[in-house]
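Atoms considered below: every heavy atom in the structure, side chains included; atoms not considered: hydrogens, waters and symmetry mates. Please read these numbers as outputs of a predicted model, since none were measured by experiment.
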Amino acid sequence: MQKKIAIINDISGYGRCAVTVALPIISTLKVQCCPVPTSIFSNHTAFPSYYLDDYTEKMQPYINEWKKLGLKFEGIETGFLGSKEQMNIVIGFLGDFRKEGTVVVVDPIMGDHGKTYATYTKPMCEEMKRLVGYADIITPNVTEACILTDTAYHEEKWKIKDIEALARQLGQMGPGKVVITGIPQGEYIANYCYERDGEAKLLRTLKVGTQRCGTGDIFAAIITADAVNGVPFQKSVKKASNFIKKCIQKSIEMEIPLTDGVCFEELLGTLR
């Protein structure tokens with residue numbers, strides 16, 4: 001039977017992020033993508049205005065129907081969560097739907113550039129630490145790795161030994177595999193892969209263009225689908241990094257506005 005991934009994230013109608021990005025990526029990798037909406041946005045929040053429908057109160061009735069149907073998933077991925085209540089719902093979802101062999105990927109979307117996002121409170125950060133403990137794989141950036149481990153963030157170049165220490169601490173929280181993403185390394189951007197039962201490695205790609213919306217969602221979607229498909233972790237991280245780099249290059253060529261994310265549609269046929 002075709003494998004299935006449940007993705008718990010928001011839906012943004014315009015701007016290429018969250019489920020709008022993850023669904024075609026996961027489908028291209030030959031896995032069925034089944035969304036659980038946390039909220040619905042007309043467009044993402046980097047635009048001057050947006051419409052938001054918070055889905056918190058509807059999440060549990062929605063999930064209850066899946067329980068009633070006895071649905072099963074080979075993978076579960078979580079993205080942006082807007083409240084402590086939503087995190088509690090997700091932990092309940094994992095209790096109901098995680099079976100032997102189900103891969104759980106948590107993308108702990110909490111902040112960037114040393115700061116938490118405006119919507120994130122201290123209690124939410126503490127609850128995210130609890131959620132991370134249920135994951136097989138997590139994909140934090142450096143800021144999120146610092147928040148999760150109560151480590152002071154700094155703008156200076158991060159030494160590999162310090163990144164190693166962050167990854168080890170994160171692994172001790174529960175996940176067997178950790179990738180710390182978006183580490184600046186001069187003309188390179190690096191991802192640090194840690195596997196509790198394998199080797200750790202820094203994987204670098206040449207930096208191109210400027211940071212764009214949705215690249216983290218693409219990255220997490222590829223990691224999740226590959227994990228379900230049995231692709232080795234480091235190979236999957238390399239694939240995700242190279243694909244995003246190509247997407248950014250193509251977006252620059254096509255003069256796609258930064259708010260519109262990356263034009264991954266042009267390159268889906270190259271994703272294998």
Report yes or no: does [X] contribute a side-chain atom to a donor-acceptor pair with the main-chain N or O of [Y] at less than 3.5 Å?
{"X": "Arg272", "Y": "Thr28", "answer": "no"}
{"X": "Lys3", "Y": "Val228", "answer": "yes"}
{"X": "Thr116", "Y": "Met110", "answer": "no"}
{"X": "Asn229", "Y": "Leu29", "answer": "yes"}
{"X": "Ser12", "Y": "His44", "answer": "yes"}
{"X": "Arg98", "Y": "Val104", "answer": "no"}
{"X": "Arg212", "Y": "Gly261", "answer": "yes"}
{"X": "Thr224", "Y": "Ala220", "answer": "yes"}
{"X": "His154", "Y": "Gly114", "answer": "no"}

[X] bridged to [Y] by N-O distance under 4.0 Å:
{"X": "Arg16", "Y": "Glu265", "answer": "yes"}
{"X": "Asp150", "Y": "Lys129", "answer": "yes"}
{"X": "Glu164", "Y": "Lys161", "answer": "no"}
{"X": "Lys177", "Y": "Asp197", "answer": "no"}
{"X": "Asp226", "Y": "Lys239", "answer": "yes"}
{"X": "Glu126", "Y": "Arg130", "answer": "no"}

**Q.** Ring centers of Phe73, Trp66 separated by less than 6.0 Å
**A.** yes

Specify the closest pair of heavy atoms between [X] and [Y], including all atoms of both residues, with the distance to one decimal.
{"X": "Ala145", "Y": "Leu170", "value": "CB-CD1, 3.8 Å"}
{"X": "Leu258", "Y": "Gln211", "value": "CD2-O, 4.2 Å"}
{"X": "Ala190", "Y": "Leu202", "value": "CB-CD1, 3.6 Å"}
{"X": "Gly186", "Y": "Lys207", "value": "O-NZ, 3.1 Å"}
{"X": "Ile25", "Y": "Ala221", "value": "CG2-CB, 3.7 Å"}
{"X": "Val179", "Y": "Cys193", "value": "CG2-SG, 4.3 Å"}

Without hydrogens or angle criteria, can the side chains of [X] and [Y] be said to hold a donor-acceptor pair below 3.5 Å?
{"X": "Thr56", "Y": "Gln86", "value": "yes"}
{"X": "Gln169", "Y": "Thr149", "value": "no"}
{"X": "Thr139", "Y": "Asp107", "value": "yes"}

**Q.** Neighbour count >12 (heavy atoms, 6.0 Å) for atom CZ, Phe47
**A.** yes

Q: Determine whether more than 12 heavy atoms belonging to other residues, nucleotides or ligands lie under 6.0 Å from atom CD of Glu57.
A: no

Q: Check step by step if side chain to side chain donor-acceptor pair (under 3.5 Å) holds for Thr181 and Asn141.
A: CA-CA 5 Å; Thr181 66; Asn141 59 31; 5.5 Å; no

**Q.** Evaluation steps, side chain to side chain contact (heavy atoms under 4.5 Å, CB included), between Ile40 and Asp10
**A.** CA-CA 6 Å; Ile40 297 174; Asp10 63 85; over 6 Å; no

Q. Under the side chain to side chain contact (heavy atoms under 4.5 Å, CB included) criterion, do Lys4 and Val31 qualify, and how do the steps go?
A. CA-CA 6 Å; Lys4 300 178 182 67; Val31 181; 5.5 Å; no

Q: Look at the aromatic rings of Tyr55 and Tyr62 and report parallel, tilted or perpendicular, splitting at 30° and 60°.
A: perpendicular

Q. Is it the case that one hydrophobic cluster holds both Tyr14 and Ile256, taking links as side-chain heavy atoms less than 4.5 Å apart, direct or via other members?
A. no

Q: Output, in order, the C-alpha distance, side-chain angles, deciding distance and verdict of side chain to side chain contact (heavy atoms under 4.5 Å, CB included) for Gln2 and Glu74.
A: CA-CA 10 Å; Gln2 188 183 35; Glu74 284 73 28; over 6 Å; no

Q: Could you go through the side chain to side chain contact (heavy atoms under 4.5 Å, CB included) check for Ile223 and Ile137 one step at a time?
A: CA-CA 9 Å; Ile223 296 299; Ile137 302 171; 4.0 Å; yes

**Q.** Audit row: Tyr51, Asn43, side chain to side chain donor-acceptor pair (under 3.5 Å) steps and yes/no
**A.** CA-CA 7 Å; Tyr51 168 78; Asn43 45 276; over 6 Å; no

